[in-house]
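Down below is the structure, laid out as structure tokens.
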2 protein chains.
Amino acid sequence: MSEKFPVCPVETTLQLIGDKWKVLIIRDLLDGTRRFGELKKSVGDISQKVLTTNLRAMEENGLVTRKVYAEVPPRVEYTLTETGYSLKSVLDALVHWGTEYKSRK
Amino acid sequence: MSEKFPVCPVETTLQLIGDKWKVLIIRDLLDGTRRFGELKKSVGDISQKVLTTNLRAMEENGLVTRKVYAEVPPRVEYTLTETGYSLKSVLDALVHWGTEYKSRK
DNA sequence: CACAATGGTATCCTTAAGGTAACTACGGCA
DNA sequence: TGCCGTAGTTACCTTAAGGATACCATTGTG
């Protein structure tokens with residue numbers, strides 16, 4: 001049944017992507033599937049530990065899927081789920097606002 | 001002249017409202033001017049110290065204006081600037097996504 | 001055999017964020 | 001006189017987040 005989320009939908013969203021790192025991960029995954037190492041490079045100054053922690057949480061929340069290939073060395077790919085991809089509208093808003101803000105300076 | 005912001009507009013936005021509390025403050029100020037005490041109640045479980053800190057930062061970044069009335073006891077009102085109000089589009093996206101997410105559960 | 005590459009986990013330590021409580025100014029009021 | 005309420009500031013302490021480092025499994029290659 002429905003898990004308990006805050007009444008305010010803003011708080012619900014913050015609960016899922018209120019973390020700076022998660023937003024940046026989604027930004028990069030919106031362009032398509034990425035390997036762990038690729039994300040580590042593209043997200044920016046993120047440590048392996050933090051990246052792993054965030055990806056696990058996002059998987060838990062149904063925002064990304066994790067696919068492990070039985071190769072050596074191992075290959076792990078992360079892809080946005082449909083729900084995760086639907087965050088594109090939020091990211092678009094962030095991009096738009098950030099661009100506007102900078103241009104006003 | 002232009003201060004230095006990250007190249008990525010998403011990071012610029014996060015730099016300004018990447019904090020959970022700031023988002024909630026903006027959510028409440030979108031309905032109109034609020035007194036300090038009103039915000040403290042409506043934002044949720046926020047301490048006076050953290051609320052003050054965030055409001056100061058947002059004032060610094062030109063998102064809110066602070067107006068002090070020379071009364072006793074003192075009255076201080078916070079209002080979104082035009083720039084701050086323009087975050088409505090971002091908040092709308094957060095509301096919309098959060099609502100959708102909850103309904104999928 | 002030793003090592004490289006990838007995607008982790010485990011441990012320890014430091015730093016930053018936030019909580020709590022005490023204190024301030026001010027004038028009104030009983 | 002002493003207390004009330006608002007909107008703070010300050011000091012101190014606790015907790016959580018994150019950094020750094022070491023370690024692991026696997027297998028093809030030199």
Side-chain angles (χ1 to χ4, degrees), chain A residues 6 10-11 13-29 31-61 63-81 84, chain B residues 6 10-11 13-29 32-61 63-80 84:
Chain A
V10 172
E11 291 183 40
T13 306
L14 286 177
Q15 200 169 290
L16 292 162
I17 56 160
D19 189 296
K20 163 195 173 182
W21 297 121
K22 293 195 179 76
V23 176
L24 297 179
I25 290 167
I26 292 161
R27 174 196 63 183
D28 292 344
L29 286 181
D31 290 332
T33 297
R34 290 285 181 274
R35 295 184 57 167
F36 182 85
E38 289 176 319
L39 278 177
K40 185 151 164 24
K41 285 193 195 78
S42 69
V43 165
D45 200 20
I46 190 173
S47 71
Q48 193 165 27
K49 175 183 164 185
V50 174
L51 181 53
T52 303
T53 305
N54 279 284
L55 285 170
R56 290 284 184 283
M58 292 165 74
E59 199 189 352
E60 190 82 11
N61 291 322
L63 300 181
V64 302
T65 52
R66 178 171 181 267
K67 185 165 185 185
V68 183
Y69 292 84
E71 304 173 357
V72 170
R75 181 160 58 105
V76 181
E77 288 183 350
Y78 291 92
T79 309
L80 288 177
T81 61
Chain B
V10 172
E11 292 183 41
T13 306
L14 287 176
Q15 201 168 291
L16 292 161
I17 56 159
D19 189 295
K20 163 195 173 182
W21 297 121
K22 294 195 179 76
V23 176
L24 297 178
I25 291 168
I26 291 161
R27 173 196 65 182
D28 293 344
L29 286 182
T33 297
R34 291 285 180 273
R35 294 185 58 168
F36 182 85
E38 291 177 317
L39 279 176
K40 185 152 163 25
K41 286 194 194 77
S42 67
V43 165
D45 199 20
I46 190 171
S47 70
Q48 192 165 30
K49 174 183 161 184
V50 173
L51 181 53
T52 304
T53 305
N54 278 283
L55 285 169
R56 289 285 184 284
M58 293 166 75
E59 200 189 352
E60 190 83 12
N61 291 322
L63 300 181
V64 303
T65 52
R66 178 173 180 266
K67 185 165 184 185
V68 184
Y69 292 84
E71 302 172 358
V72 169
R75 181 160 58 105
V76 181
E77 289 183 349
Y78 291 91
T79 310
L80 288 177

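Chain letters run A, B, ... following the sequence lines, proteins first, then strands; residues in each count from 1. Values below: every heavy atom of this structure, side chains too, minus hydrogens, waters and symmetry copies.
Side-chain contact between Val68(B) and Arg66(B) is present, with at least one heavy-atom pair separated by less than 4.5 Å. The closest side-chain heavy-atom distance from Ile17(B) to Leu63(B) is below 4.5 Å. At least one side-chain heavy atom of Leu14(B) sits less than 4.5 Å from a side-chain heavy atom of Leu24(A).
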Strictly under 3.5 Å: I want the nitrogen or oxygen pairs between protein and nucleotides 18-25 of chain D, one per line.
| residue | atom | partner | partner atom | Å |
| --- | --- | --- | --- | --- |
| dG18(D) | N7 | Lys49(A) | NZ | 3.3 |
| dG19(D) | OP2 | Ser47(A) | OG | 3.2 |
| dG19(D) | O6 | Lys49(A) | NZ | 2.4 |

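Both Phe36(B) and Pro73(A) lie near DNA chain D, and the one whose nearest nucleotide falls closer to the 5' end is Phe36(B). Residue-to-nucleotide proximity on DNA chain C shows that, of Val72(A) and Val68(A), the 5′-proximal contact is made by Val72(A).
Rounding to whole angstrom units, CG of residue Leu39(A) and P of dG7(C) are separated by 10 Å. One can place CD of Glu59(A) at 13 Å from C1' of dG8(C), the figure rounded to the nearest angstrom. The nearest whole Å value for the distance from the CD atom in Glu38(A) to the P atom in dG8(C) is 13 Å. Distance CD (Glu71(B)) to P (dT6(D)): 12 Å, rounded to an integer number of Å. Residue Lys41(B) contributes atom NZ, which lies 12 Å from atom P of dG5(D) at whole-angstrom precision. The distance between atom CG of Leu51(B) and atom C1' of dT6(D), rounded to the nearest whole Å, is 13 Å.
Closest approach of Leu16(A) and Lys22(A) over heavy atoms only: O-CD, 3.1 Å. When all heavy atoms of Glu77(A) and Arg75(A) are compared, the pair lying nearest together is OE2-NH1, 2.9 Å. For the pair Arg27(B) and Val43(B), the tightest heavy-atom approach, listed with the atom from each and the gap, is NH2-O, 3.7 Å. The two atoms that bring Met58(A) and Ile25(A) nearest to each other are CE-CG2, 3.9 Å, heavy atoms only.
Note that the two end axes of the helix from dC1(C)-dG30(D) to dA30(C)-dT1(D) enclose an angle of 40°, each drawn from 5 base pairs, rounded to 10 degrees.
The shortest distance between the side-chain N/O atoms of Arg56(B) and the OP1/OP2 oxygens of dT9(D) is below 4.0 Å. Dashed line: the shortest gap from a side-chain N or O of Arg35(A) to OP1 or OP2 of dG7(C) is under 4.0 Å. Close to dA5(C), at under 4.0 Å from its OP1 or OP2, lies no side-chain N or O of Arg75(A).
Partners of Pro74(B) according to the side chain to side chain contact (heavy atoms under 4.5 Å, CB included) rule, which considers only residues two or more places apart in sequence or in another chain, do not exist here.
Judged purely by atom type and a 3.5 angstrom limit, Asp19(A) uses its side chain to pair as donor or acceptor with the backbone of Trp21(A).
As judged by a 4.0 angstrom heavy-atom cut-off over every strand, Tyr78(B) is placed among residues touching the sugar-phosphate backbone only.
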